[in-house]
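Everything quoted here is computed from the prediction, not taken from an experiment.
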Amino acid sequence: MKKSFIASVASFSVPTLVSAFVAVFCIPLVSYLVPAGDFAVINLFFDYGVLFALLCQLGSGEAFIRFYNEADDRSKRRLFSLSLLIGLVLVVLLGVIVSVFFPKGASRILFGQEDPKLLILLTLYVVGVLLYKFTSYRCRMDENARQYNIEQILYIIINRVAYVVPFLLVGGALSAVFFMTSLTLAMGIIALMKEPKPVLVVGGSGSGRILSRLIRYGLPMTFLAASTNALITLNKVILANMASFDDAGVFALSLTIANCFSLIPAAFNVYWATYVYKNHDEKQDEIRRMHDCVMALTLVIVAVIFLLQNVIFFFVGSQYEASQKYFMLVMMLPIQSFIAETTSYGINLSTKTYINALVIVVALAVDVLLCILLIPHMQAMGAAIALAVGSITMLVLRSVFAQRFYRTISHPVKSAAGMTLIIALCAANCLWDWGMFERFLITATFLVFALALYRGDFCFMTSYLRNALRRSRVE
């Protein structure tokens with residue numbers, strides 16, 4: 001029996017639930033046990049691994065997802081193999097060049113210390129991340145939720161919380177990143193061995209055409225695929241070098257807390273891309289309706305986070321408490337990612353992916369410029385403002401261009417008003433140390449405006465969920 005939309009999303013949501021639980025668990029663990037400077041190095045190592053894995057793909061991961069459903073079984077294996085090999089070859093080549101010719105300078109800029117071992121570990125780590133990512137992509141496209149969930153959960157546990165054990169037993173950030181590298185690489189190799197046979201198909205007729213198609217479509221997508229990680233990583237690197245690694249560590253924990261509340265967006269995003277590519281011709285009205293539902297849901301999530309923020313930071317160690325002031329500015333990054341899932345696919349469907357590259361360049365330029373201008377005077381608050389403005393810039397530009405090719409926003413004025421409310425509440429959090437009663441009044445006022453804008457969509461979602469639950473009981 002074919003799964004419903006909600007069932008399909010739910011089947012891929014287990015890792016997101018685990019990720020949220022791990023994030024909640026590691027907030028007090030890390031903030032009390034790991035000094036901010038060490039946490040900055042460990043967190044940046046993780047960020048570099050993900051960012052370099054995405055950049056070295058040259059967009060082949062996005063191209064793989066885009067063209068997978070159009071290929072036969074043999075071509076799917078060739079598509080998988082060529083997409084993966086693009087990344088592996090590039091990361092090994094770049095890793096060798098940097099480790100041999102720029103070992104001290106590169107490690108000092110990236111980690112604040114001259115230790116070439118970190119660069120070697122980073123190269124191996126990126127290889128492991130690439131193996132994990134492409135096997136996960138294939139599981140998503142084949143709707144193999146079981147293997148996808150296992151890989152995701154292991155990756156989350158290894159890289160988000162388990163590293164604390166070697167850190168405490170051995171000491172130092174190096175022991176933590178060695179642990180992360182070893183287990184991530186081992187997991188990636190095992191996942192590759194479990195791929196459908198033949199595991200790798202490279203030669204044969206059609207390989208050149210597939211490789212050309214991958215690069216032609218994927219290359220402009222490179223910046224888009226890495227955009228979120230680039231914004232996060234650049235701000236932390238600039239903050240670490242222009243202020244201190246302690247500031248970067250505190251800022252990094254605020255991002256960890258923000259990711260804790262991306263549970264619904266992350267679960268939705270995993271399934272939605274596949275759904276849009278399969279159904280954009282037949283179900284455009286449904287895809288348009290989803291945008292309004294996502295906007296309504298985002299308003300509620302932001303309101304709840306604003307109201308309960310003091311409860312959240314009650315569990316944060318004193319060294320990291322300063323992040324509460326700018327925490328909701330950092331939230332703009334997962335917020336824009338969630339909303340962009342329902343506004344930006346027109347660019348991909350039109351195959352004019354160079355537009356994404358231009359948009360990301362502009363957004364990153366805005367972010368970096370604001371970091372350079374604000375961090376010397378405002379430290380981490382300046383990095384948070386830059387991140388928020390860069391995120392908004394990226395969302396607006398991608399949405400405007402995408403709507404020209406595939407309309408998913410039925411009421412632009414309503415969407416603009418909803419986004420204005422979100423930005424206003426996130427900014428208000430920075431202006432004053434609000435008490436609980438004041439937060440309650442502000443939240444209530446915010447929700448009144450949200451209900452006025454999206455009353456029909458709230459009713460639709462309530463009715464849809466009620467009917468879905470009724471059907472599940474019958475089945």
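If you check the side chains of T135 and E151, you find a donor sitting under 3.5 Å from an acceptor. Side chain to side chain, E114 and S107 fail the donor-acceptor criterion of an N or O pair below 3.5 Å. No hydrogens or angles considered: a donor-acceptor pair under 3.5 Å links the side chains of T408 and Q403. Side-chain atoms of Q152 and Y132 include a donor-acceptor pair closer than 3.5 Å.
Under the 3.5 Å distance criterion, the side-chain polar atoms of S344 are left unmatched by any main-chain donor or acceptor of E341. A donor-acceptor pair is defined here as one N or O able to donate and one able to accept, closer than 3.5 Å; no such pair exists between the side chain of S244 and the backbone of A240.
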Next on the checklist: The test is ring pair (Phe, Tyr, Trp, His ring centres under 6.0 Å); show your working for F245 and F39 and say whether it passes.
Outcome noted: CA-CA 9 Å; F245 268 78; F39 181 63; over 10 Å; no
Next on the checklist: What verdict does the side-chain contact (heavy atoms from CB on, under 4.5 Å) test give for K133 and R138, after you've listed the backbone C-alpha separation in whole Å, the side-chain angles of each residue and the deciding distance to 0.1 Å?
Outcome noted: CA-CA 9 Å; K133 279 191 171 295; R138 199 273 310 161; over 6 Å; no
Next on the checklist: Let's go through S399 and T343 carefully: what are the C-alpha distance in whole Å and the side-chain angles of both, what is the deciding distance for side chain to side chain donor-acceptor pair (under 3.5 Å) to 0.1 Å, and is it a yes or a no?
Outcome noted: CA-CA 5 Å; S399 301; T343 65; 2.7 Å; yes
Checklist entry - Passes side chain to side chain donor-acceptor pair (under 3.5 Å), Y320 versus Q324? Steps please. => result CA-CA 8 Å; Y320 295 86; Q324 182 172 3; over 6 Å; no
Next on the checklist: If you apply the rule side-chain contact (heavy atoms from CB on, under 4.5 Å), what do you find for R160 with N43, and how did you get there?
Outcome noted: CA-CA 9 Å; R160 288 304 194 188; N43 190 261; 3.8 Å; yes
Checklist entry - Which is it for I335 and V302 under the side-chain contact (heavy atoms from CB on, under 4.5 Å) test, yes or no, and what are the steps along the way? => result CA-CA 9 Å; I335 287 169; V302 171; 3.6 Å; yes
Checklist entry - Can Q57 and F134 be said to form a side-chain contact (heavy atoms from CB on, under 4.5 Å), step by step? => result CA-CA 10 Å; Q57 290 177 31; F134 274 94; 3.7 Å; yes
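The six-membered or imidazole ring of Y48 lies near that of F111, with a centre-to-centre distance under 6.0 Å. In this structure, F52 has its ring center no closer than 6.0 Å to that of Y125.
Considering every non-hydrogen atom in both A230 and L364, the closest pair reads CB-CD2, 4.0 Å. Taking each heavy atom of A40 and G249 in turn, the nearest pair found is CB-N, 3.6 Å. V129 approaches T184 most closely through the heavy-atom pair N-CG2, 4.0 Å. L122 and G49 make their closest contact through CD1-N, 3.9 Å (heavy atoms, listed as atom of the first residue, atom of the second, distance). Taking all atoms of both residues into account, the shortest heavy-atom contact from L88 to L130 is N-CD1, 3.8 Å. For the residue pair G37 and D246, the shortest heavy atom distance occurs at N-OD1, 3.0 Å.
In this structure, I409 and T342 have side chains that are not in contact, with every pair of non-hydrogen atoms separated by 4.5 Å or more. Counting heavy atoms from C-beta on, the side chains of L82 and S60 never come closer than 4.5 Å. In this structure, Y326 and F251 have side chains that are in contact, with non-hydrogen atoms separated by less than 4.5 Å. Under the 4.5 Å side-chain criterion, counting only non-hydrogen atoms from C-beta, V389 is not in contact with D367. Contact of the I392 side chain with the Q336 side chain is not registered, since no non-hydrogen atoms from C-beta on lie closer than 4.5 Å. Side-chain atoms of V316 and P28, non-hydrogen and from C-beta on, never get closer than 4.5 Å to each other. In this structure, the side chains of E195 and R77 come closer than 4.5 Å at one or more pairs of heavy atoms. Contact of the V126 side chain with the V50 side chain is not registered, since no non-hydrogen atoms from C-beta on lie closer than 4.5 Å.
One finds the CE atom of M180 at 11.0 Å from the OG atom of S175 (value rounded to the nearest 0.5 Å). Rounding to the nearest 0.5 angstrom, the gap separating the CG atom in L297 from the CD1 atom in I339 is 10.0 Å. Rounded to the nearest 0.5 Å, atoms CG (N241) and NZ (K236) are 13.5 Å apart. Between I120 atom CD1 and T181 atom OG1 the span is 11.0 Å, to the nearest 0.5 Å. Taken to the nearest 0.5 Å, the CD1 atom of I257 stands 12.5 Å off from the CE atom of M328. A distance of 4.5 Å separates CD1 of I158 from CG of L183, quoted to the nearest 0.5 Å.
When the shell of 6.0 Å around OH of Y406 is examined, it contains more than 12 heavy atoms from other residues, nucleotides or ligands. The neighbour count for F315 CZ, taken as heavy atoms of other residues, nucleotides or ligands under 6.0 Å away, does not exceed 12.
The aromatic rings of F46 and Y155 lie tilted to each other, with the angle between the two planes from 30° to 60°.
Applying the side chain to side chain contact (heavy atoms under 4.5 Å, CB included) test between L110 and each of V41, T233, V98, L119 identifies L119 as the sole match.
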